[in-house]
Every structure is written in structure tokens, then in C-alpha cells.
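To start, the structure under review is shown below, and the notes come after it.
Just so it is clear, the values below take in all heavy atoms, side chains as well, and ignore hydrogens, waters and symmetry mates. Order of the sequence lines fixes the chain letters, A, B, ..., with proteins taken first and strands second; residue numbering starts at 1 for each chain. Source: prediction; values computed, not measured.
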Amino acid sequence: MPELPEVEVLVRHLRPLLRGKKIRAVQIRRERVIRPTPAKQLQRTLRGATFEAVSRRGKFLLFQLRGLTKTKSILLVGHLGMTGRMFLARKSEPLPKHAAVVLDLGREQFIYEDQRYFGKLSLDASSIARMGPEPLDKNFTATKFAAALAGSKRAIKVRLLDQDLVAGVGNIYASEALHRARIKPQLAAGKLKPPQIRALWRAIRQVLTEAIRFGSTIPLHHGSAAQRQDGLFYYGLAADAPDYYEERLRVYDCAGKPCKHCKTPIRRIIQAARSTFYCPRCQH
DNA sequence: CACCATGTTCCTTG
DNA sequence: CCAAGGAACATGGT
């Protein structure tokens, strides 16, 4: 379930586990996920390299490594697509069916697994260069947000998915933020009034922050193989509370259910070929 | 069989 | 140049 909060929780989980670990071997089981960097080049670059830092930009994971020559640092860029997961496992454990890349770290393995292979791992940071501000950073101000929305005729929900407007907002949190800000998703982005822009700016930050806080509340640790099979576990969910996360969402995937605010049934519409969920009474 | 799915990128059309 | 819409990528769930 990777949007900004899920990636952030994953980064916090991986950071202490990867720091200082050396890559002994690079096994590429699905070449498609290595792009646009040639697979051979990635393999050559990573073999022998050591993890120094793990961070995030939007929905992208950034792994900083030091190569064998120790001269310049390496930036490994990862994206989870729709179904990607990354985790460490003992070598004795069986690989998941859709394991795409396996990094041999000695005692353990770093596994990038992706059922649909929409995600990627590369040395190419070009998509990050064009990306908009980090919504939780200090420099993401309501004023800058207003300026970025000005003049746009596109529906605000569709605009929110543009990574050059704000980095990291995806289909779930776009609907959630608009519901909190009580703004109709079909409204042209450039037509939002200053109070609405401010409300949306706050709602985006609130929704993302709460999702991260929730995901980080439950300590992540190495579990059994059974726990590992539950992908949600890696986004910070306790294995015994699998539905809690979904219950936090007020509109996403809630078509027909009563709005938590006014009891009006939540509506599902299609915008830019993707589902949008909203309350027809609260949001206008 | 149908339709749906947390994302990105490319292509066509206007 | 911009916007909108669609398709592609690939696998699975319902």
C-alpha cells in the first residue's frame, strides 16, 4: 500500500537494519524492475557496496551506498509501484513468489518483491528532479501551494495526483484530504478560494502525518515467516489488527457507506480513469 | 466472462 | 506549450 506514509514507515523500518550492511551479491530475478538502468550496470555498481543512509522523496526510496573504491557515493532509487514490498529475511526462508531482486547481505537478504512488477530499482534519479515539494517539509507553505494551483482548470483531485504539485500524495490520500477539507473533487484546481486552499493544505499534512504516526506506533521487528506473508505487517500493522488501517480511512473504498460526518452515502466516481470517493453532502 | 486494484509513463488527440 | 483521455505494464481478487 505505498503512498507517502507507507514509504516513510518502510524507510524508518529499513534504515537501522541496512546501515553498514555490505552487498555480497545481487540477484536479479525480474529484469523488468531494473529500469532504465541496465541490469548489468546495476549489478556491477552494487556488488561490494555498503549501505550508508536510507531516505525518501515522495513515494521514492533513496538508498545511499559507498562503493568498493570508496570514492564516490552511489544513489540507489527504489519505487514500490502498486504492490511492491521491501524487507530483510534470513536466507533459510523461502523467497516469495514474486521476488524481483535479492541482495545478499551475508547473514540476511534484502528482498524487493512485487506482485505486479510496476515498481523499480535503478540508479536513475531523473523522476525525482521534477518532483514538487515534500508536503511535510517546512518549505511547503500554503502560499506556495496556492500559487501552484492558480490557473489550473483540472479537477482538484486529479491535480493532487500530480507529483510536481506535491510529492507523495496518491489515490487514497487525495480522496481523504479532500473529504477532510470538505472540497468537492470535481472542482477546478484554480477555482479554490483562499480558505479552501488553506483547508486543503492543512488536510493533506494532517492525513499524511496521522497515517505515518499510526504506522509507526507499533514497533516493527523481525517476525516469523507467517507474519512476513502479511504485507501489511511491513507498513507497521500488528498482525492481530489487520482491519484497523482501513477503518481509519473515511471515504476511500467506502462507496455506499454512510459518511462519518453526515450519514449521507459515500459516492464513487471516475476521474482520469481512477476511482474518487467523496461525500456529496459535505464536499462542495 | 466481467470489473476492480495504493503508480508511472507514454502516446494520441484537441 | 497545455490538457485530457486512454493504454500499457502484470497479476490477482471478487
Side-chain angles (χ1 to χ4, degrees), chain A residues 1-11 29-37 56-61 77-86 96-101 112-122 124-132 148-178 185-191 204 207-208 211-212 214-215 229-237 242-243 245-256 268-277:
Chain A
M1 316 171 70
E3 287 184 35
L4 185 150
E6 291 75 27
V7 178
E8 177 62 27
V9 170
L10 176 61
V11 161
R29 309 175 92 251
R30 269 286 177 143
E31 244 180 71
R32 174 182 148 68
V33 305
I34 312 299
R35 58 177 198 278
T37 308
R56 176 192 62 72
R57 181 77 172 89
K59 302 171 196 170
F60 286 82
L61 293 112
V77 180
H79 198 289
L80 299 173
M82 299 269 262
T83 51
R85 292 183 186 125
M86 293 178 182
K97 182 176 178 186
H98 297 292
V101 178
Y112 162 41
E113 179 238 347
D114 196 338
Q115 181 185 105
R116 290 165 77 180
Y117 306 107
F118 285 179
K120 60 179 176 178
L121 222 42
S122 79
D124 168 54
S126 58
S127 18
I128 289 164
R130 298 188 292 271
M131 206 144 44
L149 290 176
S152 174
K153 288 177 184 165
R154 312 178 68 186
I156 184 61
K157 155 61 164 46
V158 177
R159 189 79 182 90
L160 278 177
L161 297 180
D162 266 355
Q163 299 300 294
D164 63 331
L165 174 70
V166 183
V169 175
N171 209 36
I172 293 176
Y173 296 110
S175 281
E176 292 298 318
L178 286 167
Q186 299 97 321
L187 185 62
K191 290 218 162 164
I204 289 167
V207 169
L208 298 177
I212 293 169
F214 171 76
Q229 281 174 351
D230 174 13
L232 295 175
F233 178 75
Y234 287 96
Y235 298 114
L237 265 191
D243 296 330
Y245 178 89
E246 301 303 329
E247 282 172 17
R248 292 168 31 79
L249 302 176
R250 298 183 189 173
V251 287
Y252 184 79
D253 210 15
C254 293
R268 171 179 175 267
I269 58 167
I270 301 296
Q271 291 181 291
R274 310 199 64 190
S275 291
T276 297
F277 299 87

Is the backbone of A:Gly58 close enough, under 3.5 Å, to the side chain of A:Arg56 for a donor and an acceptor to pair up by distance? yes

From the candidates B:dC4, B:dT6, B:dT8, the one with an atom nearest any side-chain atom of A:Lys59 is B:dT8

Whole-Å distance between B:dT6 C1' and A:Arg248 CZ? 15 Å

Applying side-chain hydrogen bond (donor to acceptor under 3.5 Å, both in side chains) to A:Thr83 and A:Arg116, what does each step give before you reach the verdict? CA-CA 6 Å; A:Thr83 51; A:Arg116 290 165 77 180; 5.3 Å; no

Look at A:Ser127 and B:dT9 and indicate whether a side-chain polar atom (N or O) is within less than 4.0 Å of OP1 or OP2. yes

Side chains of A:Glu176 and A:Arg248 in contact at under 4.5 Å (non-hydrogen atoms): no

For A:Phe118 and B:dT8, are the ring centres under 5.5 Å apart with planes inclined under 30°? no

Touch class at under 4.0 angstrom, heavy-atom based, for A:Arg30 against every strand present: sugar-phosphate

Value for CD (A:Gln271) from OG (A:Ser175), rounded to nearest 0.5 Å, stands at 8.0 Å

Contact check, side chains of A:Tyr252 and A:Asn171, non-hydrogen atoms, under 4.5 Å: yes

Rounded P spacing from B:dT6 to C:dA3 in Å: 23 Å

Whole-angstrom distance between B:dC1 and C:dA8, as gauged at atom C1': 22 Å

Does A:Arg274 place a side-chain N or O at less than 4.0 Å from the phosphate oxygens OP1/OP2 of B:dG7? yes

Does the side chain of A:Val33 come within less than 4.5 Å of A:Tyr112's, by heavy atoms? yes

Distance test, side-chain N/O of A:Tyr252 to OP1/OP2 of B:dT6, below 4.0 Å: yes

Does the distance from a Lys or Arg side-chain N to an Asp or Glu carboxylate O, for A:Arg30 and A:Asp114, drop under 4.0 Å? no

Measuring to OP1 and OP2 of C:dC9, would you say a side-chain N or O of A:Lys120 lies under 4.0 angstrom away? no

Interatomic distance, A:Phe60 CZ vs B:dT8 P [rounded to whole Å]: 6 Å

Under 3.5 Å, which N/O atoms of the protein pair with N/O atoms of nucleotides 3-5 of chain C?
residue, atom, partner, partner atom, Å
C:dA4, OP2, A:Arg154, NE, 2.6

What contact category does A:Arg159 fall into here, base, sugar-phosphate, or nothing, at under 4.0 angstrom with non-hydrogen atoms? nothing

Taken to the nearest whole Å, CD/A:Gln271 to P/B:dT6 is 13 Å

Please give the distance between the P atoms of C:dA7 and B:dA2 as a whole number of Å. 15 Å

Does the side chain of A:Ile156 come within less than 4.5 Å of A:Lys191's, by heavy atoms? no

Which whole-number value in Å describes the distance from A:Asn171 CG to B:dG7 P? 6 Å

Would one find a side-chain N or O of A:Lys97 under 4.0 angstrom from OP1 or OP2 of C:dT11? no

In whole angstrom, give the distance that lies between atom CG of A:Asp114 and atom C1' of C:dC9. 11 Å

Dot-bracket, 5' to 3', for DNA chain C please: Watson-Crick or G-U pairs under 3.5 Å, [ ] where pairs cross earlier ones, | where the partner sits on another strand, dots elsewhere. .||||||||.||||

Distance (rounded to the nearest 0.5 Å) between A:Gln186 CD and A:Thr276 OG1: 7.5 Å

State, with a plain yes or no, whether a side-chain heavy atom of A:Phe60 is found less than 4.5 Å away from one of A:Lys120. yes

Taking atom C1' of C:dT11 as reference, at what distance in whole Å does atom NE2 of A:His98 sit? 6 Å

Output the rounded distance in Å from CD (A:Gln163) to P (B:dT9). 9 Å

Rounded interatomic separation in angstrom, taking NE2 from A:His79 and P from B:dT8: 4 Å

